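Since this is a predicted model, take the numbers as computed values, not measurements. Below, chain A is the first sequence line, B the second, and so on; all start at residue 1.
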Amino acid sequence: MAVRIAAGFAARGSSARSAACGLWPRPFSRGSKRVHAKGTANIISGHGYGMINLRIYPARLSRCPMSYPKLPSRAENFSEWYNQLVLRAELADYAPVRGCMVVRPYGWALWENIQKALDARFKATGHQNAAFPLLIPLSFFEKEKEHVEGFSPELAIVTHGGGKKLEEPLAVRPTSETIIGYMWSKWIRSYRDLPQLLNQWGNVVRWELRTKLFLRTLEFYWQEGHTAHATREEAEEETMRMLRVYEDFAVNEAAIPVIPGRKSESEKFAGAVTTYTIEAMMGDTKALQAGTSHFLGQNFAKAFDITFLDRDNQLKYVWTTSWGLSTRFIGAIIMVHGDDQGLVLPPRLAPIQSVIVPIWRNEEQRSRVLEVAQQVQSALQPHIRVHLDDRDHVTPGFKFNDWELRGVPVRIEIGPRDVEQGVVTLARRDMPGKPGKKTVPMDGLPQVIGPLLDEIHTNMLRKATEFRDAHIFEPETYDEFREVVGHGWAYVWWCGSPECEARIKEDTKATNRVIPLEQPGGEGRCIYCGAPARLKAIFAKAY
RNA sequence: CGGGGCGUAGCGCAGCGGUAGCGCACCGCGUUUGGGGCGCGGGGGUCGGCGGUUCGAAUCCGCCCGCCCCGACCA
């Protein structure tokens, strides 16, 4: 069993400060003391996070830390646009450790709203939350062959504790199938103990080589659901049920259209029998796996000896599933909806759903306008997450840009003219400029704002869907295929062979993203080899 | 780890042997405020680190550390 558990061989000496990144704050770069054995993380401090359920939307966001000339446009450099937007909107920042990020209050508030929306759905489908430890005996990873092969290269390993070398190294969890499997083998005796329907909110560590804020960081936050069932059918149903939960969440909370489907053998989770995904198209047409649900069969049951005595008095292995959605999803929200002005947050998840920007010319107007603004704030507070921007050291124009950068769905402008007439001016983030502006009476605002947020949600979903559909192509020939994966997705017949996938990847960088659940039926010819094919799959470049 | 680009004020940069600079941001005062206002004044630096060359190093040389992009691996 020559399994080498190597933690990331962090690119030592591999170059770089940023040319491109010269534009934003750099992490500390000095005073680093040498780390121990190459490839091992030595001391890990757990990152617990509390279940903070107060409704924090920062009472007063600090001003933009950077000089603020404009964001690069999406068309000119999508990657730069993304990096700068995350920093400027104060969603996250680089941590002193390569590949790690700090999620700032505004970003965390967004994550909390994601958590709330998902958690409610998990509870509604019968799951309970629990917490398993961050540290897992290294030996656990050797029990399931594919799992160890998949995860070994990216484990962070703790070798010392309390000043001494540990007898058995501990892995910082990259996912919790193993530790949960171990516990289930203790807890499960009979069919009466099934199903086990658990979920955990937490953080995991995977020693990735190439990182990007939210999309791929060494440590990330997520939810991992784990269930165990008496029968295969029940476990398969669970896998699909949770896939549909993710789909529902993406569409109805985040306004992100997704394609639910199955992953090919080469793309599936290490240790799964079948992996399902919700696949989303980003604004640069690249694909992103936005959530996954795995049918694990009896692989982990056998590795961890999770058995139960069934009604028929036979000892059987359980059937397990796992499913997860991570802070990566925030990256999806940014890249699906964002525009050249900045974030466009889906109203149901936005930390601040509406911001009030008061406008005045002199002291007298200031007090009058502010008073009205506060009344409007109070009137809206029971209904929506509203923030009054009463900063007086920046101009209204600055605030407009600032809140647009931060993606607040609705801006409420209140100036002397509005006060005079008993109205407010609303500006929609999803419709820049005059078309998105309208004047409404102050009185009816609480009744108007809810439907407006819904309309914005619907409009965002429609736009994202139209964009996606306009960039899904059905090439007939391989030449056409090569051409379209440069600027969109290719929806094509595929014979099912891993070799064709591998060749396509090597040739075009496009991978098999998803085999949609919804299939046209019939038969075609594999886009690569021309053999008879019964499946249509989506190939695309991906994050 | 392979290829490329880099490290000077919070951010972006100039300076490239002779006292550390500019723009933005920040602080104060005034004036402004319906789409990133303006003026005046002010604070802020072990020039990534260590060593070498030199009368003198941000600048030349060596080693190290770190960052970003592309590639191989991935939620």
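- Cation-pi geometry between A:R206 and A:W222 is met: the NZ or CZ atom falls under 6.0 Å from the ring centre, inside 45° of the normal.
- Rounded to a whole angstrom, the distance from the P atom of B:rU59 to that of B:rG48 is 8 Å.
- For the pair A:R328 and A:F220, the cation-pi test (distance below 6.0 Å, angle within 45°) is failed.
- Among the protein residues, A:Q289 comes within range of the sugar-phosphate backbone only, with heavy atoms under 4.0 Å from sugar or phosphate atoms but none that close to a base.
- Residue contacts for A:N362: at a heavy-atom cut-off of 4.0 Å it reaches no nucleic acid atom on any strand shown.
- For A:R206 and B:rC74, the shortest distance from a side-chain N or O to OP1 or OP2 is not below 4.0 Å.
- Nearest to the side-chain atoms of A:T217 among the listed nucleotides B:rC69, B:rC74, B:rA75 stands B:rA75.
- When heavy atoms are screened at a 4.0 angstrom cut-off, A:S79 is found touching no nucleic acid atom at all.
- Nucleic acid contact class of A:F269 (heavy atoms, under 4.0 Å, all strands): none.
- No engagement by A:L325 is indicated, since no non-hydrogen atom pair under 4.0 Å with the nucleic acid exists.
- The closest side-chain donor-acceptor pair between A:N83 and A:K212 falls under 3.5 angstrom.
- The A:P396 side chain lies nearest to B:rG34 when the options are B:rG36, B:rG34, B:rC74.
- In the interface, the side chain of A:T395 is not paired with the base of B:rG35 through any donor and acceptor atom under 3.5 Å apart.
- In this structure, the nucleotide among B:rC69, B:rA75, B:rU33 sitting nearest to the side chain of A:N83 is B:rC69.
- Taking atom C1' in both B:rG2 and B:rG43, one finds a spacing of 46 Å when rounded to whole Å.
- The residue A:Q365 sits apart from the nucleic acid: no heavy atom pair falls under 4.0 Å.
- When heavy atoms are screened at a 4.0 angstrom cut-off, A:G415 is found touching base atoms of the nucleic acid.
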Would you list the atom pairs, donor with acceptor, under 3.5 Å between side chains in residues 415-426 of chain A and any protein atom, with sequence neighbours excluded?
{"residue": "A:D418", "atom": "OD1", "partner": "A:T425", "partner atom": "OG1", "Å": "3.1"}
{"residue": "A:D418", "atom": "OD2", "partner": "A:G415", "partner atom": "N", "Å": "2.9"}

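- Taking every side-chain heavy atom of A:D418 into account, B:rG34 is the closest of B:rA75, B:rG34, B:rG35.
- Residue A:R417 places its side chain closer to B:rG34 than to any other of B:rG34, B:rC73, B:rG35.
- The side chain of A:K509 places an N or O atom within less than 4.0 Å of a non-bridging phosphate oxygen (OP1 or OP2) of B:rA72.
- Place A:A270 and A:K212 on RNA chain B by their nearest nucleotides, and A:K212 ends up nearer the 5' end.
- Between the base of B:rG36 and the side chain of A:D402 there is no donor-acceptor pair shorter than 3.5 Å.
- Taking atom CG on A:N401 and atom C1' on B:rG36, their separation rounds to 5 Å, with Å as the unit.
- The A:R328 side chain lies nearest to B:rC74 when the options are B:rC69, B:rC74, B:rG35.
- No cation-pi contact links A:K541 to A:F78, judged by a cut-off of 6.0 Å to the six-membered ring centre and 45° from its axis.
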